[in-house]
2 protein chains.
Amino acid sequence: MRDLVKALKALSDETRLRIMNLLLERECCVCEVMQALNISQSRASRNLNALYDAGFLKLRRQGLWALYSLDEERLGGYYWHLIRAVAKALEGNETALQDRRRLKNARRAVPSCGMRRANQNTSPIRLIRHLYRLRRQGIDFKNWRALRRSTS
Amino acid sequence: MRDLVKALKALSDETRLRIMNLLLERECCVCEVMQALNISQSRASRNLNALYDAGFLKLRRQGLWALYSLDEERLGGYYWHLIRAVAKALEGNETALQDRRRLKNARRAVPSCGMRRANQNTSPIRLIRHLYRLRRQGIDFKNWRALRRSTS
DNA sequence: TTATTATATGTGCATCCTTGCATATTATAG
DNA sequence: CTATAATATGCAAGGATGCACATATAATAA
């Protein structure tokens, strides 16, 4: 009963439903979530953690990234029904679609996705060096070419 | 999205989950809910109303009673999955079982089930007159005989 | 070592939720 | 009409929640 209340509380928030929508699409890092939903970093982190805490998500760390995804192993029992309810309710929802669209354009490892500090002024050169570095590490970075183009 | 959040919020409360448990068993009046859960009248009323408001329940009035039950008509779509999640999560739960047991013994039309006023002191004679009255009205009152026994 | 960057978290504030208590409302009986 | 009984509701107190802001933590690079 306690657990069910916790799970339901975790889901009964628009921000977190939108996050679930992203994770139904694919694994995401905090950085991608904040870009796709256009919310602050602390907000993305906290809400992801709430869903994690409630038992919906699993966490995998890769370098600096915290990669969250639906925890298929725990999603038996009533969790399964809850997920289905969310998926069903969100299908065709305009916000949900838009978020997914923005997720496609979201980038990992983009300096400005960090703290939203004023006067960030990260030079393109530094960014490109960073991207090369990532590629050297064998990190899957689908669109680094486009990224390079857009910042040079 | 808004509606889903509302539905989830309505469910994410222990009192209301316990109420859903009762209504999965059968239609109940406010009075029965307060007895089965052993909670105050205003608390029962308000929480029933919250579930009603969120679209889970339908309301039927019979005399003084407000009879709430699951609204099968609205329970398509994601509502259905939510109900299944609740039912699944509650099966075997000790509190839920106990509530159902107490529901069996709950009585409609018992004077003391009202306001819990101090110095209620309703006389058995008055209660029995009330029960006869009800029977004359053709109101289905399964256990009025037992009731009469217990108060005379 | 220091600098950078993704993420996590302490704090304060505003808002909303839930409840008990008292009272209002409503239907019925007399 | 008045009284009774089931339910609804106004109100205030206490608690929970969500957020922004600033800062801390941790991994990596130089």
Side-chain angles (χ1 to χ4, degrees), chain A residues 5-6 9-10 12-16 28-35 37 39-50 52-53 59-68 106-118 120-123 126-127 129-134 136-137 139, chain B residues 5-6 9-10 12-16 28-35 37 39-50 52-53 59-68 106-118 120-123 126-127 129-134 136-137 139:
Chain A
V5 170
K6 193 167 186 179
K9 266 199 195 336
S12 55
D13 173 273
E14 179 157 339
T15 303
R16 289 192 289 272
C28 295
C29 68
V30 180
C31 180
E32 288 170 316
V33 170
M34 61 181 285
Q35 290 172 77
L37 305 195
I39 58 179
S40 73
Q41 183 268 328
S42 70
R43 191 171 163 188
S45 175
R46 268 188 226 276
N47 282 300
L48 276 162
N49 186 64
Y52 178 86
D53 229 47
L59 169 59
R60 176 170 77 90
R61 292 194 185 269
Q62 184 180 44
L64 279 178
W65 295 309
L67 300 167
Y68 290 91
R107 305 162 184 166
R108 289 184 192 169
V110 173
S112 68
C113 92
M115 303 294 256
R116 281 189 181 173
R117 285 185 202 139
Q120 182 88 23
N121 275 342
T122 304
S123 76
R126 187 177 295 172
L127 171 56
R129 263 208 299 256
H130 184 53
L131 295 180
Y132 272 114
R133 215 186 296 137
L134 290 174
R136 247 180 287 121
Q137 291 170 17
I139 289 176
Chain B
V5 170
K6 193 169 185 179
K9 267 200 195 334
S12 55
D13 173 275
E14 178 157 338
T15 303
R16 290 192 289 272
C28 295
C29 69
V30 180
C31 180
E32 288 170 315
V33 169
M34 63 181 284
Q35 289 172 78
L37 305 196
I39 58 178
S40 74
Q41 182 268 328
S42 70
R43 189 172 164 188
S45 175
R46 268 187 226 275
N47 282 301
L48 276 162
N49 186 65
Y52 178 87
D53 229 48
L59 169 59
R60 178 170 78 91
R61 291 194 186 269
Q62 184 179 44
L64 280 177
W65 295 309
L67 300 167
Y68 289 91
R107 305 162 182 163
R108 289 185 192 168
V110 174
S112 68
C113 94
M115 302 294 255
R116 281 191 179 169
R117 286 187 202 137
Q120 181 89 21
N121 274 342
T122 304
S123 76
R126 186 178 295 173
L127 172 54
R129 265 209 297 260
H130 184 53
L131 295 180
Y132 271 114
R133 213 186 296 139
L134 289 175
R136 249 180 285 121
Q137 291 171 17
I139 289 177

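FYI, side chains are in, hydrogens and waters are out, and symmetry mates aren't considered; it's all heavy atoms of this structure.
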For the pair made of [atom1] in [X] and [atom2] in [N], what is the distance, rounded to whole Å?
| X | N | atom1 | atom2 | answer |
| --- | --- | --- | --- | --- |
| Leu67(A) | dA27(D) | CG | P | 14 Å |
| Trp65(B) | dA8(D) | CH2 | C1' | 18 Å |
| Leu48(A) | dT9(C) | CG | C1' | 15 Å |
| Asp53(B) | dC16(C) | CG | P | 16 Å |
| Gln62(A) | dT5(C) | CD | C1' | 15 Å |
| Gln41(A) | dG10(C) | CD | C1' | 14 Å |
| Met34(B) | dA5(D) | CE | C1' | 12 Å |
| Leu59(B) | dA6(D) | CG | P | 17 Å |

Taking atom [atom1] of [X] and atom [atom2] of [Y], what is their separation to the nearest 0.5 Å?
| X | Y | atom1 | atom2 | answer |
| --- | --- | --- | --- | --- |
| Arg61(B) | Cys29(B) | CZ | SG | 12.0 Å |
| Lys9(B) | Asp53(B) | NZ | CG | 14.0 Å |
| Gln41(B) | Arg46(B) | CD | CZ | 9.5 Å |

Subject >> Nearest atoms (heavy-atom pairs only) where Arg16(B) meets Ala50(B) >> reply: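 Heavy atoms only, the tightest pair is CD-CB, 3.8 Å.
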**OP:** Going by the side chain to side chain contact (heavy atoms under 4.5 Å, CB included) test, name the single residue among Val33(B), Val30(B), Thr15(B) that passes it with Asn47(B).
**Re:**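 That would be Thr15(B).
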Any N/O pairs under 3.5 Å between the protein and nucleotides 18-20 of chain D? List them or say none.
| residue | atom | partner | partner atom | Å |
| --- | --- | --- | --- | --- |
| dG18(D) | OP1 | Arg16(A) | NH2 | 2.7 |
| dC19(D) | OP1 | Thr15(A) | OG1 | 3.2 |
| dC19(D) | OP1 | Arg43(A) | NE | 3.0 |
| dC19(D) | OP1 | Arg43(A) | NH2 | 3.0 |
| dC19(D) | OP2 | Asn47(A) | ND2 | 3.2 |
| dA20(D) | OP2 | Ser40(A) | OG | 2.9 |
| dA20(D) | N6 | Arg46(A) | NH2 | 3.3 |

**OP:** Taking Asn49(B) for its side chain and Ser45(B) for its backbone only, find out whether a donor-acceptor pair lies under 3.5 Å.
**Re:** no
**OP:** Answer with base, sugar-phosphate or nothing: what part of the nucleic acid does Tyr68(A) contact at a heavy-atom distance below 4.0 Å?
**Re:** sugar-phosphate
**OP:** Kindly point out which of dA8(D), dA6(C), dA27(C) is positioned nearest to the side chain of Leu64(B)?
**Re:**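 Nearest listed nucleotide: dA27(C).
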